[in-house]
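The shown structure was predicted, so the numbers you read here are calculated from the model rather than taken from an experiment. Chain letters run A, B, ... following the sequence lines, proteins first, then strands; residues in each count from 1.
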2 protein chains.
Amino acid sequence: MDNRTNILECATELFCEKGYDAVGVQEIVDRAGTTKPTLYYYFKSKYGLLESIIEEYYGRFLERLETVSVYQGDLPNTLYTTCREYLKMAIENKTMYLFTVSLIYSARENDSYRAIRPYMVKTHEIIVKIFEQASNELENMNGRQQQFASGFEGIVNFYLIYYFEIGEPRIDIDEIGKNLVDQFMYGIYS
Amino acid sequence: MDNRTNILECATELFCEKGYDAVGVQEIVDRAGTTKPTLYYYFKSKYGLLESIIEEYYGRFLERLETVSVYQGDLPNTLYTTCREYLKMAIENKTMYLFTVSLIYSARENDSYRAIRPYMVKTHEIIVKIFEQASNELENMNGRQQQFASGFEGIVNFYLIYYFEIGEPRIDIDEIGKNLVDQFMYGIYS
DNA sequence: CACCTATTATACCAATCGGTATATAAGTAT
DNA sequence: ATACTTATATACCGATTGGTATAATAGGTG
C-alpha cells in the first residue's frame, strides 16, 4: 500500500476512535510508520487530511445516492429505493458512517463541522429533489419539501444508529427499509 | 456572580461553540477574566470541569425525568407526559441540550463520551422502566423493553434536533408530543 | 551520463497544551 | 494575636501542538 493511502487509513482509524481534535499529527504518522513531512506533502494540513477522508467516503456515497434517488413516479417507492441504498452504504462502511454522524453533531465552530457541512447540504438537496418531484402526489406540499427531507434523513439516520447500537448481528435492509418508509409516510399523512 | 459559576458558564459557552477538545484552559479563564489556578482550585482538572458542566444540566434533567415518568397504568399517556417534560427541558436549555447530543455522538475513546455515558445509561434505565411496567399492555414485549426505550429516546431526540434545525420560532410542545407518541406507537404495533 | 521531479527523513520552529509550585491576601475561629 | 482556611495571582513546568526549512534519495527521462 502506498504511503498516502496508508496515512489516510491510519488517520481515519484514529479520528473514529478519538475524534479529530484529540488526535495529533505525530500520532497519525507514528501509526502509519512514516514522518510528518510525508503527511504534509500529500495533504497540505491536518484539516486537508480530514477533508480527504470525508471526500473518500462521502463522495462515493453522494454519487450512488444521486443515481438511486431518481423519481419513479411514486413517492413511497422512490423513498424505498433511496432508503435501501442509504442503509446499504452505511452498513458497508459502518465506522465511517458513525464518524460522519459524529461530525454532523459536532460544534458549529469546529473544523469537523466545517468539513462535513458541504456534504450534508448536498445530501439534503438530493432528498429535497425527491419531494419536489412528488409535489403532485401530496396536497399542501408547498414549502414543506425541506421539512419532509429533513424528517426523512433524520429517521433513516436514527434507525441506523439504533440498529448499530443494539448490535443486531444481521440487519435486514429490505425489512427495515420497508418499516422505515411506512412509519415515515404515516407521519406525513397524519 | 462568584468565580466558580463564572468559569462554569464561560466554559459551557466555549465548549458548545467549539467542542471540548478544541478549547484550551487558558481560553476559558481569559473569557472568565481570571487565571488558571482559580479554575484548578474549583475543578481539579479540565475533565472535572466538563463533568461539573454536565452534572449541572443533566442532573436536574434526570431528577425531573424520574418524577414525571412514573407509570400511569397506560403506556401512551405515560409516554406523552414523559415526552412533554423531555421536550420542555431541552427547549429551556437548547444550547446545553445540543451540546449533550454532540457528546453522545462523539468518539467512544474521547473524554467527552466518557463524561456523558453514565447520564445516557441512567436516562435509558428510566425509559426502560416505563416499558417494563407496560408489559401487561403489550403482548410479546419479552426482552424488547430495551429496544422500545432506545427507539423512543431516538425519536424524541430526532424531533428536537429537527425542530431546532429548521428554526421553528414557536414550538408547540403539546402538539409535537402528541404526534411523536402517535408515530412511535404506530411503529410499535406495526 | 545528467537532469528533473516525486518522495521521504532529520532536525527544528514558535506557540500552546494541561497543570503546578509558591506566594499572598482576606476572612474566621480560637 | 495567632493559626488556619479559602481564594486568587505570578511565574513557571515539561510535553505536545501543527507546521516547515533543508537536504537526501529515489525513479524516470533526455
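- Counting to the nearest Å, the P atom of D:dC12 and the CD atom of B:Gln26 are 15 Å from each other.
- When distances are taken from the side chain of A:Tyr41 to each of D:dG19, C:dT7, C:dG19, the shortest belongs to C:dT7.
- Each of B:Lys36 and B:Gly33 was matched to the nucleotide of DNA chain D holding its nearest heavy atom; the match closer to the 5' end belongs to B:Gly33.
- Comparing A:Lys44 and A:Glu27 by the nucleotide of DNA chain D that holds the closest heavy atom to each, the one mapping nearer the 5' end is A:Glu27.
- Between the side chain of A:Lys46 and the base of D:dG18, no donor-acceptor pair of N or O atoms lies under 3.5 Å.
- For the P atoms, the distance from C:dT22 to D:dA7 is 22 Å, rounded to whole Å.
- Phosphate proximity of D:dT8 to B:Asn3: present, with a side-chain N or O under 4.0 Å from OP1 or OP2.
- The aromatic rings of A:Tyr58 and A:Phe61 sit perpendicular, their planes meeting at an angle over 60°, well past the 30° parallel limit.
- Distances shown here put a side-chain N or O of A:Tyr42 below 4.0 Å from the OP1 or OP2 atom of C:dT8.
- Between A:Tyr86 and A:Tyr97, the angle of the ring planes goes over 60°, which puts this pair in the perpendicular group of the 30/60° scheme.
- Closest-nucleotide positions on DNA chain C for A:Thr38 and B:Val25 were compared, and the one nearer the 5' end corresponds to A:Thr38.
- Distances shown here put a side-chain N or O of B:Thr35 below 4.0 Å from the OP1 or OP2 atom of D:dA9.
- Ring pair B:Phe152/B:Phe184 is perpendicular by interplanar angle, where above 60° counts as perpendicular and below 30° as parallel.
- An OP1 or OP2 oxygen of C:dG18 is reached within less than 4.0 angstrom by no side-chain nitrogen or oxygen of B:Ser45.
- Within 4.0 Å (heavy atoms only), A:Val23 reaches sugar-phosphate atoms of the nucleic acid but no base atom.
- Among C:dG18, D:dT17, D:dG18, the nucleotide with an atom closest to any side-chain atom of B:Tyr40 is C:dG18.
- No more than 12 heavy-atom neighbours from other residues, nucleotides or ligands sit within 6.0 angstrom of CZ on B:Arg117.
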